[in-house]
Amino acid sequence: TLPCLPGARPCSPKDFGHGSVVCVCNATYCDTLDPLVLPAPGSYVKYESSKAGKRLERSEGSFQSSLPTPGLLLTLNISALYQRVKGFGGSLSDSAAMNILKLSRPAQDNLLRSYFSESGIEYNLIRVPMACSDFSVRPYSYDDVPDDYELKHFRLVDEDVKMKV
């Protein structure tokens, strides 16, 4: 396993020969983060991963009112709000579902827990593509009958029923 860095628990590495590793999740283990704690006002927490080997390495810092030397300047105006964030998540495409279903049941549970639970990254949204997408193994739609405005020929396909619904 890779060393345990602050914020990240050990990774069970696998190298696919492209100069970096991925962390393996299986029936008995999924690497996770320590519980997230909001930093004090005026400070931030940064998690960084890199091809060079950093994996969710945690660091902390404080916002400064001015920079002593020229460089990157990030200005936050907390009084101007443009949108609300409803949550964070991912997409359950055909290919994602196919890969999840190839795992053993305990590995599936571990993987889903790593995404959606408090001991994982706490996703609270998921997007499910309608019909095929660029992550499908074949093109398909729900009603290919011309002028069927009443959708009498609308049918879900196996990919929807077996993998996404």
Side-chain angles (χ1 to χ4, degrees), residues 1-38 44-59 74 81-165:
T1 62
L2 294 178
C4 184
L5 302 169
R9 298 203 180 130
C11 169
S12 177
K14 182 168 185 168
D15 187 344
F16 287 97
H18 300 289
S20 63
V21 298
V22 297
C23 297
V24 176
C25 178
N26 58 35
T28 59
Y29 180 80
C30 259
D31 57 305
T32 59
L33 289 174
D34 291 332
L36 300 177
V37 178
L38 289 177
Y44 64 86
V45 173
K46 174 179 77 172
Y47 290 89
E48 185 178 0
S49 296
S50 72
K51 194 172 185 177
K54 288 185 180 179
R55 191 194 149 276
L56 296 171
E57 186 174 302
R58 185 181 193 274
S59 62
L74 173 65
L81 301 177
Y82 297 100
Q83 64 188 32
R84 287 199 168 285
V85 175
K86 289 188 178 240
F88 294 91
S91 178
L92 183 61
S93 62
D94 294 8
S95 59
M98 289 168 60
N99 285 316
I100 292 169
L101 291 171
K102 285 181 182 178
L103 299 172
S104 68
R105 188 63 174 185
Q108 288 178 29
D109 292 343
N110 228 352
L111 176 67
L112 294 174
R113 207 173 10 263
S114 76
Y115 280 114
F116 297 102
S117 76
E118 288 183 11
S119 64
I121 58 176
E122 298 186 67
Y123 274 3
N124 62 344
L125 298 172
I126 196 83
R127 179 176 60 85
V128 180
M130 291 183 62
C132 75
S133 72
D134 52 344
F135 293 104
S136 298
V137 296
R138 68 182 184 91
Y140 62 89
S141 69
Y142 296 139
D143 189 344
D144 286 330
V145 177
D147 302 320
D148 183 13
Y149 301 114
E150 294 178 11
L151 298 177
K152 291 180 179 179
H153 298 277
F154 179 94
R155 300 285 180 274
L156 293 178
V157 296
D158 283 347
E159 285 87 347
D160 296 299
V161 177
K162 293 178 181 175
M163 297 188 300
K164 294 187 283 188
V165 177

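What you see below is based on every heavy atom in this structure, not just the backbone, and it leaves out hydrogens, waters and symmetry mates. Position 1 is the first residue of the sequence; numbering continues from there.
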Run the numbers on S91 and S93 for side chain to side chain donor-acceptor pair (under 3.5 Å), then give the verdict. CA-CA 6 Å; S91 178; S93 62; 5.1 Å; no
How about CG on L38, more than 12 heavy atoms from neighbouring residues, nucleotides or ligands closer than 6.0 Å, or not? no
So does F116 have more than 12 non-hydrogen atoms from other groups sitting under 6.0 Å from CZ? yes
Would you mind reporting whether V128 and V165 have side-chain heavy atoms less than 4.5 Å apart? no
What's the shortest heavy-atom distance between K164 and P129, and which atoms? NZ-O, 3.2 Å
Under 3.5 Å, side chain of S136 to main-chain N/O of P139, donor-acceptor pair present? no
I need the Y115 OH to N124 CG distance, nearest 0.5 Å. 15.0 Å
Does K152 come within less than 4.0 Å of D148, counting only side-chain N to carboxylate O? no
For the backbone of L125 and the side chain of K86, can you confirm whether one donor and one acceptor N or O come within less than 3.5 Å of each other? no
Using the ring-ring contact (aromatic ring centres under 6.0 Å, His included) rule, take Y123 and F88 through it: C-alpha gap first, then chi angles, then the decisive distance, then the call. CA-CA 5 Å; Y123 274 3; F88 294 91; 8.3 Å; no
L103 backbone acceptor or donor facing Q108 side chain under 3.5 Å: yes
Ignoring hydrogens and geometry, is there a side-chain-to-backbone donor-acceptor pair from D94 to F135 under 3.5 Å? no
Full working for side chain to side chain contact (heavy atoms under 4.5 Å, CB included) between R138 and V157: CA-CA 11 Å; R138 68 182 184 91; V157 296; 3.8 Å; yes
Flag the pair R155 and D143 as a salt bridge only when some basic side-chain nitrogen lies within less than 4.0 angstrom of an acidic carboxylate oxygen. no
For the rings on F154 and Y142, is their centre-to-centre separation under 6.0 Å? yes
Can you find a heavy atom in the side chain of K46 that is under 4.5 Å from one in the side chain of E57? no
I need the I121 CD1 to Y47 OH distance, nearest 0.5 Å. 12.5 Å
So does E48 pair up with R58, basic N to acidic O under 4.0 Å? no
4.5 Å side-chain heavy-atom contact, V137 and M98: yes
Crowding at CZ, R105 (>12 non-hydrogen neighbours, <6.0 Å): no
S114 and L111: which non-hydrogen atoms are nearest, and at how many Å? OG-O, 2.6 Å
Determine the minimum heavy-atom distance between N110 and N26, stating which atoms define it. ND2-O, 3.0 Å
